[in-house]
Structure formats: structure tokens, C-alpha cells
Amino acid sequence: MNKLKFANGDELDAIGLGTWKSEPGEVYQAIRDAIQIGYRHIDCAWIYQNEAEIGQALKDAISAGDVTRKELWITSKLWNTFHAPEDVEEGLKQSLDALQLEYLDLYLMHWPIAHKKDEPFPKTASGFIPITELPIKNTWKALETCKEKGLVSHIGVSNFNVPKLKKLLGLSWIKPEMNQVELHPLLAQNELLAFCQENNIHVTAYSPLGSRDRAPAMKGAEEPDLFENPTIKRMATEHGVHPAQILIKWAENRGTAVIPKSVNKERLAQNLEAGNISLSDENIVALARLDMDYRYVHGKFWEREGGFYTVDWLWNQ
Ligand code: A2P
């Protein structure tokens, strides 16, 4: 499997485990299984509301001698309610406590969006804080402090486009080392990837399988099914694998990390084994032709009547 290399010499397994939508009650076993199968990179977030159960699984896996803390790479993300500089460390500490860890390997600003403190999912515009009032640079500075204190080894962002990254690069003392965004063959984001590569920002692909287990309220009317895409299906048959594995290999092949979510032992193993597939030049060209700028995680759920945050602001401005 490919490894992503960081300036300080740290290395990150390209194929990791996503935990968004992994329910309490099932995520404990998924983490124990994943570690036994060989996963070392686990992607978490405060808002997934399952970090306590993940933390118990990590603790038990370490106690059982399945893995050491040093061998693991644990990422978590600052939720939008903790953007005020004085709240950033609190948000991080809540994740560290839940995960039963002394430090994170990577901590990301989850969205370039700020909420009022008691509004994890604001129902109206008044629950948000416009970024003009609470600029990203203020939140970032507090993240830099967390890194300087040794609470996190690396800091980065998620759901950032090129204009927002450019602004952040111009303002930051410690540069972001990761941008986690939605990526799959229908949303290749080639320009964003090239910009990140030119600026030494690694990229992680989220929702690489199309995130089919999202809540119905987050789904579009007629979403394309990546597993049923004829090109991807044909390629899976050619290689004797599941379409999910073609999608994971596509991401790894482009030099990104990729975090497919599963809570099923067979599928966890399948996904890790995707690293062994060798895509042909013809496969790569055919997959590149599928790009249609299609987002599953479209961001419309941030729009409120009269609110500051719009899909156009999020992805284009
Ligand atoms: P499950 O957790 O039951 O395995 P994404 O990573 O894009 O968010 O997609 C996650 C969805 O894809 C989940 O519904 C997950 O189901 C499913 N999934 C993960 N790996 C595979 C696989 N190898 N084959 C089929 N479905 C998979």
C-alpha cells in the first residue's frame, strides 16, 4: 500500500478506515476487526458521535497487544461549534478524552463554517456565525497552538476549495498539511488536487464509495450508484474484484489517502486488499472520463433562508 510522507518524516497509510455513519453498538467491533486485519489509519470526528466507543476499542486493542499507539494514525476533526479561538482546545480535548488518547496524529478543521456554541446542527440562520465575524485565520491560529503544545502532530482542513486554501496559506504560520475532501471518479477535483500537490498539502478522499448509507435527508433525488456504473462494473469484473475495490484503488493511485467506511469484517478486508490491484493505463483513462463534478455531500444542508453560508460560497468562492 502507498504511504503519504510528511515533512517531519511521519508516514500515513493511504488506505484508512472511515467512521462517519458507523453507529455506536457496531463501531467497537469494526475498529477491533479493522486493527486485526491490518488497518493503522483511522479517521474520526467529534460530530460523528461515536468517538467514545472508538476510544474503548483503541484502548482494548492496545491492551490486547494487537497494536501500539505509535503504530496507529488517528485523525479527528474540530466541529463547527468550536471555531472561536478560546473554544478550539476544548473541542480537541473532548475528542482526546472520548478517544482515550494523549495526542492525535492529525486534527482537521471539519468545515470552513462556524456555528454558535450550542448549535451543532443549526435549524435557522441565526445558529451560524458568518465567517466574516469569526475568520478562519483566528480558528487556525488556535489550531497552531494545539500543535505547538504537542496535543496534535499535524494540522489540516477539510472541505476547503482552492481560494480558501490560498487565503489560509497566506495567513498561516504553520501550513495546513492535509485537506480532506469528497473524491471519487465522478468528482475528481483535478485542479484542487494539483494545487494541493504543488503546495505540499496531502489530500484525503472522503465518501470514496458514494456514501450510500447517508440519512435520506442528506440524499439527492436520483443519485448515481458508483457500484452500478458500467465502466466501474466492467473493470471490477476484469480484475475479479468488487467495484468498491476499484474505487479505492483509483484514489490510492492518484496519491491521495482514502477512507472507505465499513462495519463489516469481510468488506473491511476487501477494502484494504484493494491496494493490491494494478490498474492498467486503459483503466486509468476510462476512470478519468467519468468526472462530472458530481457531489454526494453537496453542502446544501448548510443553506438557511437569509443565511451567510451558500453552496456557491462553499465550493466556488
Ligand atoms: P458497510 O458499512 O455495511 O460495509 P463511503 O465510504 O463512501 O461513505 O461508503 C460507505 C458505504 O459503503 C457503507 O454503506 C458501507 O457499508 C459500504 N461499503 C463499504 N465497503 C464496501 C464493499 N467493499 N462492498 C460493498 N459495500 C461497501
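Predicted model, so just to flag it, every value in this text is computed and none were measured. We count ligands from 1, going down the list as the structure has it; atoms in each ligand are counted the same way.
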Does the pair Y39 and D13 meet the rule for a side-chain hydrogen bond (donor to acceptor under 3.5 Å, both in side chains), with working shown? CA-CA 8 Å; Y39 283 83; D13 280 2; over 6 Å; no
Before you tell me yes or no, could you show the steps for K21 and D213 under salt bridge (charged side-chain N to carboxylate O under 4.0 Å, His left out), namely the whole-Å CA-CA distance, both residues' side-chain angles and the distance that decides it to 0.1 Å? CA-CA 7 Å; K21 307 175 264 74; D213 53 347; 2.7 Å; yes
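Salt bridge status for D105 with R69: present, with a side-chain N to carboxylate O gap under 4.0 Å. Between K175 and E144 there is no salt bridge, since none of the side-chain N atoms of the basic residue sits less than 4.0 Å from a carboxylate O of the acidic one. Note on R32 versus D66: salt bridge recorded, some NZ/NE/NH1/NH2 to OD/OE distance being below 4.0 Å. A salt bridge links R234 and E282; the closest N-O separation between the charged side-chain nitrogens and carboxylate oxygens is under 4.0 Å.
The structure places CD of Q94 at 12.0 Å from CD of E89, a figure rounded to the nearest 0.5 Å. Once rounded to the nearest 0.5 Å, the distance linking CE of M178 with OG of S158 reads 10.0 Å.
Residue P260 places no N or O, backbone or side chain, under 3.5 Å from any N or O of ligand 1. Note: no N/O pair closer than 3.5 Å links N264 and ligand 1 by distance alone.
Counting only heavy atoms of the protein, atom 22 (C) of ligand 1 lies nearest to R267 CD, 3.4 Å. Here the protein heavy atom with the shortest distance to atom 20 (N) of ligand 1 is N271 ND2, 3.0 Å. Of all protein heavy atoms, the one closest to atom 18 (N) of ligand 1 is L209 CD1, 3.8 Å.
Here is the list of ligand 1 atoms found below 4.0 Å of a heavy atom in S207: 7 (O). Of all the atoms in ligand 1, the ones that sit under 4.0 Å from a non-hydrogen atom of R212 are 11 (C), 12 (O), 14 (O). Numbered from 1 in the order shown, with element, the atoms of ligand 1 that lie under 4.0 Å from a heavy atom of Q270 read 22 (C), 23 (N), 24 (N). Listed by number with element, the atoms of ligand 1 under 4.0 Å from a non-hydrogen atom of G210 are 7 (O).
Within the 4.0 Å heavy-atom criterion, the part of F227 lying near ligand 1 is the side chain and not the backbone. Residue-level proximity to ligand 1 for K21 is carried by the side chain, the only part with a heavy atom below 4.0 angstrom. When heavy-atom distances to ligand 1 are checked against a 4.0 Å cut-off, A244 comes that close only through its side chain, counted from C-beta outward. With a 4.0 Å heavy-atom cut-off, ligand 1 is reached by no atom of S22. Heavy atoms of K261 found under 4.0 angstrom from ligand 1 belong to the backbone as well as the side chain.
H115 has its ring centre less than 6.0 Å from the ring centre of W79. Ring to ring, W302 and F308 are not that close: their centroids are 6.0 angstrom or more apart.
Not a single heavy atom of G18 sits closer than 4.0 Å to an atom of ligand 1.
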